[in-house]
Amino acid sequence: MRRPMVAGNWKMHGTRASVAELIEGLGKQVLPSDVDIVVMPPSLFINQVVVGLEGQAVAVGAQDAAIQAGQGALTGEIASTQLLDAGCSFVLVGHSERRQLIGEQDEVLNRKFAAIQESGLTPVLCIGETLEQREAGQTLAVVGQQLDSIIDAFGIDAFANAVIAYEPVWAIGTGLTASPQQAQEVHAAIRAQLAEKNAEVAQGVRLLYGGSVKSANAVELFGMPDIDGGLIGGASLNADEFGAICRAAGN
Ligand code: 13P
């Protein structure tokens, strides 16, 4: 059985004061013990969150990492070994905001994915189609290609220690959610694509859904057979709402 996971991607939100409030709010939540819970603050606040959540069963992740695992002359970047040292366990790679707004492409994303794993952290690979691509019937091809980029570079075993987040771009921050059936269809296709190479890896890998997940739709989404939890944006900035979403992933 795959252990469910809920990760909160805080994106570029927060101040020291608002982060302190969120930490306090998370501390008051009754969180399920059968779900891996992760928060991913802006890197600036990772230390504050690690210290603030000490003793709680909430892991900390980063939203990005450098193209190399170790320290070096790379202005403005943060190495995944530094993230590990700071207390992180997971790192997002390939979020659509970085693909689209920063222009990150497969070659860079592959290097980041490898660097994250090399340092001992777990990458959370984000994949998903735009509205135009969905309307053109290209969803499974687009998502399949994003997945193949990693498989071709590193082999299927790369997914023995990775998480995949399916985030349809049209559902991110829009209030539009993929229906549980729409999401399940893509998740099943992702797992089938992995299973063609290695059935055991495919069965073990956690597939999260992301895109306007709230407590009101989480139970239905997380109830689908190939949806193993969620990657939460806006709703993760509200401790009560995030707590409710985490509980929705528990059994
Ligand atoms: P929203 O939950 O705000 O739609 O964001 C989803 C997301 O991009 C998480 O990485």
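First listed ligand is number 1; within each ligand, the first listed atom is number 1. Predicted model, so just to flag it, every value in this text is computed and none were measured.
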**Q** When you measure from atom 5 (O) of ligand 1 to every protein heavy atom, which one gives the shortest distance, and what is it?
**A**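 The closest one turns out to be K11 NZ, 3.3 Å.
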**Q** Run the numbers for me: atoms of ligand 1, each under 4.0 Å from some heavy atom of L231, listed by number.
**A**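 Matching atoms, with element in brackets: 9 (C), 10 (O).
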**Q** Determine yes or no for a side-chain-to-main-chain donor-acceptor pair under 3.5 angstrom, with R2 supplying the side chain and G204 the backbone.
**A**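 Here the side-chain-to-backbone pair does not exist.
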**Q** Is there a donor-acceptor pair closer than 3.5 Å between any side-chain N or O of Q29 and the backbone N or O of G25?
**A**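 Pair found, side chain donor or acceptor close to backbone of G25.
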**Q** Output yes when R98 and D64 qualify as a salt bridge under the 4.0 Å nitrogen-oxygen rule, no when they do not.
**A**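 The answer is yes: the pair qualifies as a salt bridge.
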**Q** Within a distance under 4.0 Å of any heavy atom of S212, pick out the atoms of ligand 1 and give their elements.
**A**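 Close to S212: 1 (P), 2 (O), 4 (O).
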**Q** When you measure from atom 2 (O) of ligand 1 to every protein heavy atom, which one gives the shortest distance, and what is it?
**A**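 Result for atom 2 (O) of ligand 1: G233 N, 2.9 Å.
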**Q** Verify the distance criterion only: is there a donor paired with an acceptor across the side chains of E104 and H95 at less than 3.5 Å?
**A**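 Result is no, nothing qualifies.
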**Q** Using a 4.0 Å heavy-atom cut-off, which part of N9 comes near ligand 1: side chain, backbone, both, or neither?
**A**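 Within the 4.0 Å criterion, N9 contacts ligand 1 through side-chain atoms alone.
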**Q** Heavy atom of G211 under 4.0 Å from ligand 1?
**A**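 G211: in contact with ligand 1 (<4.0 Å).
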**Q** Taking atom types as modelled, find out whether S149 and N110 have a side-chain donor-acceptor pair closer than 3.5 angstrom.
**A**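 Checked: S149/N110 side chains pair up, N/O donor to acceptor below 3.5 Å.
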**Q** Can you confirm whether L231 sits close enough to L92 that some side-chain heavy atom of one is under 4.5 Å from a side-chain heavy atom of the other?
**A**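 Touching, per the 4.5 Å side-chain cut-off.
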**Q** Donor-acceptor pairs are to be reported for all side-chain atoms of residues 241-249 against protein atoms at under 3.5 Å, with residues two or more places apart or in another chain.
**A**
residue, atom, partner, partner atom, Å
E241, OE1, S215, OG, 3.1
E241, OE2, S215, N, 2.7
E241, OE2, S215, OG, 3.2
R247, NH1, V30, O, 3.0

**Q** Which atom pairs, one a donor and one an acceptor, fall under 3.5 Å between side chains of residues 159-166 and the rest of the protein, sequence neighbours left out?
**A**
residue, atom, partner, partner atom, Å
N161, OD1, T122, OG1, 3.0
Y166, OH, E129, OE1, 2.9
Y166, OH, E129, OE2, 3.0
Y166, OH, R134, NH2, 3.3

**Q** What atoms of ligand 1 come within less than 4.0 Å of a heavy atom belonging to G234?
**A**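 Listed by number with element: 1 (P), 2 (O), 3 (O).
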**Q** So, regarding T174 and ligand 1 (criterion: nitrogen or oxygen to nitrogen or oxygen, under 3.5 Å), is there a contact or not?
**A**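 No, no N or O pair falls under 3.5 Å.
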**Q** Quick check on contacts: which atoms of ligand 1 are under 4.0 angstrom from a heavy atom of A171?
**A**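 By the 4.0 Å cutoff, the relevant atoms are 4 (O).
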**Q** Among all protein non-hydrogen atoms, which one is nearest to atom 4 (O) of ligand 1, and what is the separation to 0.1 Å?
**A**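 Ranked first by proximity to atom 4 (O) of ligand 1 is G173 N, 2.6 Å.
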**Q** Hey, does A235 come in under 3.5 Å of ligand 1, counting only N/O atoms on both sides?
**A**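 In this structure, A235 places no N or O atom under 3.5 Å from an N or O of ligand 1.
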**Q** Can you find a non-hydrogen atom of K214 under 4.0 Å from ligand 1?
**A**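 No heavy atom of K214 comes that close to ligand 1.
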**Q** Which residue owns the protein heavy atom closest to atom 7 (C) of ligand 1, what's the atom, and how far is it?
**A**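 The closest heavy atom on the protein side is E167 OE2, 3.1 Å.
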**Q** Decide whether the shortest distance between a heavy atom of G175 and an atom of ligand 1 is less than 4.0 Å.
**A**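 For ligand 1, residue contact (heavy atoms, under 4.0 Å) with G175 is absent.
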**Q** Under 3.5 Å, is there a donor on one side chain and an acceptor on the other for Q145 and D106?
**A**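 Yes, a side-chain donor-acceptor pair sits under 3.5 Å.
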